[in-house]
2 protein chains.
Amino acid sequence: MKATIYDVAREAGVSIATVSKVINGKGKISEERRREIIEIMDRLHYQPSVIASALTGKHTYTFGLLIPDISNPFFAEVARAVEDRAHQLGYSVIICSTDNKDDRVERYIGLLKQKSVDGIIMGTGIERVDMAAELSGSMPVVAIGREWSSVPVHTVVADDYQGGRAAASHLLGLGHRRCAVLSESMTIISSRERVQGYRQALEEAGIPLHNDHIRICKFSIEDGRRNTALLLADENRPTALFCCNDLLAVGALQAAREAGVRVPEQLSIVSFDNTILAAVTDPPLTSVAQPMEQLGAMAVNLLVRELEEKPSDKQRIVLQTELIVRESTAGWRS
Amino acid sequence: MKATIYDVAREAGVSIATVSKVINGKGKISEERRREIIEIMDRLHYQPSVIASALTGKHTYTFGLLIPDISNPFFAEVARAVEDRAHQLGYSVIICSTDNKDDRVERYIGLLKQKSVDGIIMGTGIERVDMAAELSGSMPVVAIGREWSSVPVHTVVADDYQGGRAAASHLLGLGHRRCAVLSESMTIISSRERVQGYRQALEEAGIPLHNDHIRICKFSIEDGRRNTALLLADENRPTALFCCNDLLAVGALQAAREAGVRVPEQLSIVSFDNTILAAVTDPPLTSVAQPMEQLGAMAVNLLVRELEEKPSDKQRIVLQTELIVRESTAGWRS
DNA sequence: CTGAAAGCGCTTACAG
DNA sequence: CTGAAAGCGCTTACAG
């Protein structure tokens, strides 16, 4: 049987209140007693029950991480950063893959509430924004890589707009004039921003982004491939393609190969995220890197500060992206 | 404030014992009362506290998943499978990346115990086997992709030996005679089995596996690259290479490219795992597929059965692998 | 400096 | 069929 606070108290000949105080470093305890009690706790391998202390108003030191899919390399890398920072700070993380489905989000949130988690990091999309609003009313929430302008929560995101601009500048600098883009749904703010940055940089260079050069995709290799195939089938096909994430870019690469279009000679591709995938494809992808580690760590920092200090004003932290040039982009002479 | 069982009881004019019974579907309650109470619980948005019920002897419906690194695609895919199956069965999973370090394992196990998780799925390596033994004495444990022959726990693994044989057979069939292998540490049973299967199949064909054709690597792209570079520097270099996981194979691919050795024309590579990486490299990797989804789901099944039914005999489940032939292997004429 | 007692939100015999 | 009471392992005023 596991030792309880009663066992320790009995062994030490004191009350459980006294033991509780030394556990929590509260109140005044004579140095002698304290040492003795600590020694006994060690000897008994006593570990306070988080369950019991949570029931008396303290924290569970656990929070939920909602992301679309842990098996997706981008979220896996972010999750690792979240986990590490959380662990450093004494927290555990329950991972929840939502597939971006509202009913899964709802179910998970319900479970997390029942389990009295201390807070939630939301990295998933939701359609019914009221769910986020309601949630943020009932516990600390920080949004990561996503935002809901109407809901007051801490937010940490990459500078998607600048990232989109960087992709465009790079392609323009290489001489491209027919530039297309593969995006996720425009209902996702980060996608919208990436496309917007891309579009603006192009327009400033006097190059409009044609509507039929904007393809909205689902978040999958397969859909990236399908949409790229459509773009490449056009007689006036683009010479450059900006993909809003690595998965889409992998699909684009596959479509190009199948269509006999060489990358980068006949088609330049810039992706976004810079997960491990970007480094292992053929050719390796030029990619706008998101600071995944920082994203995760900052989100945890915000959440824990909210938990342990006085609730502060909602912050919005924007982290810089960085263009990593590999071999999927090359100069174009028309 | 969240509604408690007291609120429901008061509203319904019954005792909390009665409410508890309808929550748990225990005891006899008149159909009328039950309906009324359920209606009130709905109206109050009442959700029983897992914390409180766990303190009274029930489960926390949470378990821990210990793996080396969630940002590694193989473990991310397994984790997703674990999460999905757990979720279906009403459990949450706390993810713990250990980097295969004993002190991290120990710390995590301690935390999980304090949090009263119902069980642990161990997919991580540990040096001090006694830790696993002690753990399995204190709560249900199932090992996944790892085994400790001396510790009685449920185990679910892929058939590593057969997988190694399959890799060798494939290469032999293509005419290769100088075959090398990149392995993880031989202290990991699964690595040992893979190499063993590979070696035996080679030997049965009359081809010994030379010691200097066995390279022990750390679990990283970088180490795969480094060791492959060493192999390729040999004048009598191998024409085929079996890598015990995709990450090592990615490193091998990089080393080959750097050394100007074409894959598969001058070097065939077979990897193991068949994560998403194997599909996106250049060339795509021929790989021995592990059934990651099944591995995860089976591990959860075993754990939950142990939890909810009478503890059964420790099972050892071995799942089949499957060779997926892509473009990193080709025939060799000497 | 130390302890008795109430309380957190439940479940479980046990009695009726 | 229903409820009073004890108990799970803690923490927190409060009193001394």
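To find a chain, count down the sequence lines: A is the first, B the second, and so on, and within it residues start at 1.
- Within residues 6-14 of chain B, the residues approaching DNA chain C are B:Y6, by heavy-atom distance under 4.0 Å.
- Here ring pair (Phe, Tyr, Trp, His ring centres under 6.0 Å) pairs that include residues 33-53 of chain B, with residues two or more places apart or in two chains, number zero.
- Listed by first and then second residue, the ring pair (Phe, Tyr, Trp, His ring centres under 6.0 Å) pairs involving residues 95-140 of chain B are A:H87-B:Y108 (not counting sequence neighbours).
- Residues satisfying the salt bridge (Lys or Arg N to Asp or Glu O under 4.0 Å) test with A:E293, not counting sequence neighbours, are none.
- Between the side chain of A:H154 and the backbone N or O of A:Q315 there is at least one donor-acceptor pair closer than 3.5 Å.
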Donor-acceptor pairs are to be reported for all side-chain atoms of residues 117-129 of chain A against protein atoms at under 3.5 Å, with residues two or more places apart or in another chain.
| residue | atom | partner | partner atom | Å |
| --- | --- | --- | --- | --- |
| A:D118 | OD1 | A:T60 | N | 2.9 |
| A:D118 | OD1 | A:T60 | OG1 | 3.0 |
| A:D118 | OD2 | A:T60 | N | 3.4 |
| A:D118 | OD2 | A:Y61 | N | 2.6 |
| A:T124 | OG1 | A:T98 | OG1 | 2.5 |
| A:T124 | OG1 | A:N100 | OD1 | 3.3 |

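- Considering all non-hydrogen atoms of both residues, B:Q290 and B:A158 come closest at OE1-CB, 3.2 Å.
- Counting only residues at least two apart or in different chains, salt bridge (Lys or Arg N to Asp or Glu O under 4.0 Å) contacts with residues 140-151 of chain A comprise A:E147-A:R316.
- Extent of DNA chain C lying under 4.0 Å from chain A heavy atoms, first and last nucleotide in 5' to 3' order, is C:dC1 to C:dG9.
- Contact of the A:V304 side chain with the A:Y91 side chain is registered, since non-hydrogen atoms from C-beta on lie closer than 4.5 Å.
- Counted within 6.0 Å of CD on B:E32, heavy atoms from surrounding residues, nucleotides or ligands total 12 or fewer; the atom is thus considered open.
- For DNA chain D, the stems formed by at least three consecutive Watson-Crick or G-U pairs, with both atom-pair distances below 3.5 Å, span C:1-3 with D:14-16, C:5-12 with D:5-12, C:14-16 with D:1-3.
- The salt bridge (Lys or Arg N to Asp or Glu O under 4.0 Å) contacts involving residues 41-54 of chain B comprise B:E11-B:R43, B:E39-B:R43, where partners must be two or more places apart or lie in separate chains.
- Within residues 15-22 of chain B, the residues approached by DNA chain D to less than 4.0 Å at the level of any non-hydrogen atom are B:S15, B:A17, B:T18, B:K21, in residue-number order.
- Evaluation of the salt bridge (Lys or Arg N to Asp or Glu O under 4.0 Å) rule for A:R107 yields no partner, not counting sequence neighbours.
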Would you give me the side-chain donor-acceptor pairs under 3.5 Å for residues 67-82 of chain A, sequence neighbours excluded?
| residue | atom | partner | partner atom | Å |
| --- | --- | --- | --- | --- |
| A:D69 | OD1 | A:S71 | N | 2.9 |
| A:D69 | OD1 | A:S71 | OG | 3.0 |
| A:D69 | OD1 | B:R80 | NH1 | 2.9 |
| A:D69 | OD2 | A:S71 | OG | 3.0 |
| A:N72 | OD1 | A:F74 | N | 2.9 |
| A:E77 | OE2 | A:I276 | N | 3.2 |
| A:R80 | NE | A:D84 | OD1 | 3.2 |
| A:R80 | NE | A:D84 | OD2 | 3.1 |
| A:R80 | NH1 | B:D69 | OD1 | 2.9 |
| A:R80 | NH1 | B:D99 | OD1 | 3.0 |
| A:R80 | NH2 | A:D84 | OD1 | 3.4 |
| A:R80 | NH2 | A:D84 | OD2 | 3.3 |
| A:R80 | NH2 | B:D99 | OD1 | 3.3 |
| A:R80 | NH2 | B:D99 | OD2 | 2.9 |

